[in-house]
Amino acid sequence: MDKTGRKLYVRTFGCQMNVYDSERMVEALGNAGYIETNHPQDADMILLNTCHIREKAAEKVYSELGRFRELKQKNADLKIGVAGCVAQAEGAEIMRRQPLVDIVVGPQSYHRLPEMEARARRGEKAVDTEFPAEDKFQSLRNRPRAYRGPAAFLTVQEGCDKFCAFCVVPYTRGAEASRPPARVVAEARELVDSGVREITLLGQNVNAYLGNGPDQKKWPLARLIHELSKIDGLERLRYTTSHPRDMGGDLIEAHGECEKLMPYLHLPVQSGSDRILKRMNRGHTADEYLELVCRIRKARPDILLSGDFIVGFPEETDDDFQATLDLVSEVGYGNAFSFKYSARPGTPAAERRQVDEDVKSDRLRKLQELVRRQQNAVQHAMIGREVDVLFEKPGRLPGQMVGKSDHLHAVHVNDEFVRIGDLSRVRIVASMSNSLEGRIAT
Ligand code: SAH
Ligand code: SF4
Ligand code: F3S
């Protein structure tokens with residue numbers, strides 16, 4: 001079969017970094033002659049970019065793979081690859097459990113994908129879950145980034161050294177590593193030249209960023225943000241996910257100083273109980289987090305905060321959970337993600353006394369109710385206000401266009417004159433469950 005014109009279908013699970021990685025893998029395999037398709041039945045190669053964060057996320061991979069059995073029977077040339085954090089954590093296991101898999105590639109080995117693909121074509125099984133020393137992204141960046149819309153992700157930092165007792169990320173992504181600022185700036189410029197107007201800097205602990213600057217100095221995230229904000233045509237900057245322990249004074253100040261830095265911050269705390277925070281190995285107390293929130297709000301009073309919470313962490317009592325509810329009430333989140341604790345093999349907390357599933361479900365429901373009330377209140381308060389919206393895609397209904405406000409609210413308008421990539425002033429007229437409705441302000 002001709003090497004060119006082969007079709008690649010990629011399915012992405014998990015966090016935004018996986019979204020970024022999937023795009024890079026499409027580009028890497030583009031060099032090997034692949035073009036992307038949205039239909040698995042047309043594909044010559046299917047790649048699942050997987051997530052290992054909770055048990056359910058990991059199980060999805062196996063059920064998804066089962067669905068591709070029929071396709072492989074129909075097309076003997078079809079190759080199936082598993083990438084991402086499940087590949088890293090369970091590489092050999094996947095090959096054993098699911099013989100249809102040809103390629104297993106961990107997150108630090110994506111630049112080796114074209115060579116692995118060639119091996120798979122020769123009928124070999126290819127597994128790579130090493131943590132090589134070379135800069136994966138630099139080797140991956142052998143073709144320009146394709147324009148995928150006015151808002152783009154850009155990975156600047158990867159890996160985690162924090163070892164929270166519940167979390168697989170330090171094992172699946174490896175140690176903290178930062179890309180040099182010069183490369184980040186070059187990639188940002190390329191994005192802006194292609195029409196991108198908003199960039200979200202990504203890292204598992206993005207505010208632990210410390211890149212080797214061209215001036216032989218170590219650049220923290222705040223300095224990188226100031227440098228990126230000088231790029232003409234780049235209108236908005238965001239970053240995620242940040243850890244409370246790495247929220248330095250310079251970064252907090254940047255929220256007050258840098259106009260392009262949007263007033264939204266995802267700052268996970270996981271629990272409001274000091275006892276649980278300690279057992280989680282988070283490295284801070286609830287009061288320290290609250291104090292941080294105060295300082296951030298002082299620098300940028302209209303900032304909207306979001307967080308992540310885990311309920312039913314081993315040994316969490318009703319009082320501990322109440323402390324989480326109290327913290328949520330005190331902070332007032334614009335948005336929050338809450339999860340039932342999921343025991344992950346190989347992490348310290350998996351070995352401890354577990355909380356009953358019913359108790360976890362009950363706590364999750366209570367927390368989500370509280371968060372929903374806060375989210376509704378914040379959204380409702382936007383009605384009548386004018387916000388800037390960067391339009392990203394058509395909405396579900398004809399004539400509808402959807403974008404994001406400065407505060408990361410999804411906003412839709414019914415206006416045939418609005419184009420993708422427009423950054424427009426919009427008056428909010430209504431609040432729905434997960435979005436706002438607006439009209440272009442004239
Ligand atoms: N680096 C980020 C989190 C990445 S994982 C940070 O430190 O905040 C995203 C979220 O998944 C976490 O914030 C946590 O709330 C949740 N999570 C991680 N491991 C989990 C587990 N074992 N069970 C349930 N939720 C988990
Ligand atoms: Fe996981 Fe904790 Fe690292 Fe976040 S900081 S990725 S929760 S170990
Ligand atoms: Fe999942 Fe890996 Fe991201 S475990 S959340 S895909 S870092």
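Start at 1 and go down the list; that is how both ligands and their atoms are numbered.
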Nearest protein heavy-atom contact for [atom]: which residue, which atom, what distance?
atom: atom 1 (Fe) of ligand 2; answer: Cys167 SG, 2.3 Å
atom: atom 3 (Fe) of ligand 2; answer: Cys160 SG, 2.2 Å
atom: atom 8 (S) of ligand 2; answer: Cys164 N, 3.3 Å
atom: atom 3 (Fe) of ligand 3; answer: Cys15 SG, 2.3 Å
atom: atom 6 (S) of ligand 3; answer: Asn18 ND2, 3.2 Å
atom: atom 18 (C) of ligand 1; answer: Ile53 CG1, 3.5 Å
atom: atom 5 (S) of ligand 2; answer: His243 CD2, 3.4 Å
atom: atom 22 (N) of ligand 1; answer: Ser342 O, 2.8 Å
atom: atom 9 (C) of ligand 1; answer: Asp308 OD2, 3.7 Å
atom: atom 1 (Fe) of ligand 3; answer: Cys51 SG, 2.4 Å
atom: atom 4 (S) of ligand 3; answer: His52 N, 3.2 Å

What one should report as the nearest heavy-atom pair of Tyr264 and Asn335 is OH-ND2, 3.5 Å
Closest non-hydrogen contact found for Leu390 with Pro150 is CD2-O, 4.0 Å
Element-labelled atoms of ligand 2 that are located less than 4.0 Å from some non-hydrogen atom of [X]:
X: Pro170; answer: 8 (S)
X: Asn205; answer: 3 (Fe), 5 (S)
X: Phe166; answer: 7 (S)
X: Lys162; answer: 3 (Fe), 5 (S)
X: Phe163; answer: 8 (S)

Check: [Y] and [X] side chains under 4.5 Å, non-hydrogen atoms:
X: Leu100; Y: Leu78; value: no
X: Val355; Y: Arg363; value: yes
X: Arg300; Y: Ile296; value: no

| Does at least one non-hydrogen atom of Met17 fall below 4.0 angstrom from an atom of ligand 3? |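 No heavy atom of Met17 comes that close to ligand 3.
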Residue part near ligand 1, for [X], under 4.0 Å between non-hydrogen atoms:
X: Thr241; value: side chain
X: Arg282; value: side chain
X: Arg344; value: side chain
X: Phe166; value: both
X: Pro268; value: side chain

Counting from 1 in the order shown, the ligand 3 atoms closer than 4.0 Å to a non-hydrogen atom of Gln204 are 7 (S)
ask   = Is a salt bridge present between Lys72 and Asp102, judged by a nitrogen-to-oxygen distance below 4.0 Å?
value = yes
Check: Considering all protein heavy atoms, does one lie under 4.0 Å from atom 14 (C) of ligand 1?
Finding: yes
(request) Flag atom 26 (C) of ligand 1 as yes if some protein heavy-atom distance to it falls below 4.0 Å, otherwise no. (result)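 It does; a protein heavy atom is within 4.0 Å.
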The residue among Glu158, Gln88, Glu130 that forms side chain to side chain donor-acceptor pair (under 3.5 Å) with Gln108 is Glu158
Check for me whether Arg282 has a heavy atom closer than 4.0 Å to any atom of ligand 2.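 Heavy atoms of Arg282 do come under 4.0 Å of ligand 2.
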Test log, rule side chain to side chain contact (heavy atoms under 4.5 Å, CB included), inputs Ile252 and Lys298 = CA-CA 9 Å; Ile252 295 174; Lys298 212 162 157 193; over 6 Å; no
*Can His266 and Asp308 be said to form a side-chain hydrogen bond (donor to acceptor under 3.5 Å, both in side chains), step by step?*
CA-CA 8 Å; His266 184 59; Asp308 287 342; 3.2 Å; yes
Notebook entry, point to check: Strictly under 4.0 Å, does any heavy atom of Ile310 approach an atom of ligand 1?
Noted result: yes
*Run the numbers on Val82 and Thr50 for side chain to side chain contact (heavy atoms under 4.5 Å, CB included), then give the verdict.*
CA-CA 7 Å; Val82 179; Thr50 62; 3.8 Å; yes
When you look at Lys366 and Phe321, which way does the side chain to side chain contact (heavy atoms under 4.5 Å, CB included) test go after all the steps?
CA-CA 10 Å; Lys366 287 194 178 115; Phe321 176 63; 4.0 Å; yes
Classify the side-chain pair [X]/[Y] by whether it contains a donor and acceptor separated by less than 3.5 Å.
X: Ser338; Y: Gln368; answer: yes
X: Glu316; Y: Tyr341; answer: no
X: Gln375; Y: Asn434; answer: yes
X: Gln322; Y: Asp326; answer: yes

Numbered atoms of ligand 1 (with element) below 4.0 Å of [X], judged on heavy atoms:
X: Tyr341; value: 23 (N), 24 (C)
X: Gln204; value: 1 (N), 2 (C)
X: Lys340; value: 23 (N), 24 (C)

Exercise for the section: Show your working on side chain to side chain contact (heavy atoms under 4.5 Å, CB included) between Leu71 and Ile46 and close with a plain yes or no. Expected result: CA-CA 10 Å; Leu71 292 178; Ile46 294 178; 4.0 Å; yes
Parallel, tilted or perpendicular: ring planes of Phe309 versus Tyr333, cut at 30 and 60 degrees |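 Answer is perpendicular, since the angle exceeds 60°.
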- Item | Nearest candidate to atom 16 (C) of ligand 1, where distance is taken over non-hydrogen atoms, out of His266, Arg54, His52 |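 Selected option, by shortest heavy-atom distance: Arg54.
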Cys85 near atom 3 (Fe) of ligand 3: N/O/S under 2.8 Å |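 Here the distance criterion (N, O or S atom, under 2.8 Å) is not met by Cys85, so no.
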Does an N or O anywhere in Ser242 fall below 3.5 Å from an N or O of ligand 1?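 Such a contact does not occur with ligand 1.
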*asked:* I'd like to know whether Glu115 forms a salt bridge (charged side-chain N to carboxylate O under 4.0 Å, His left out) with Arg119, so could you lay out the CA-CA distance, the side-chain angles of the two residues, the decisive distance to 0.1 Å, and finally the verdict.
replied: CA-CA 6 Å; Glu115 177 236 327; Arg119 273 168 53 203; 3.6 Å; yes
Going by the 4.0 angstrom heavy-atom rule, the piece of Val168 near ligand 2 is neither
**Message:** As a quick check of understanding, evaluate side-chain hydrogen bond (donor to acceptor under 3.5 Å, both in side chains) for Asp320 and Thr317, giving each step before the final call.
**Reply:** CA-CA 5 Å; Asp320 292 320; Thr317 63; 3.0 Å; yes
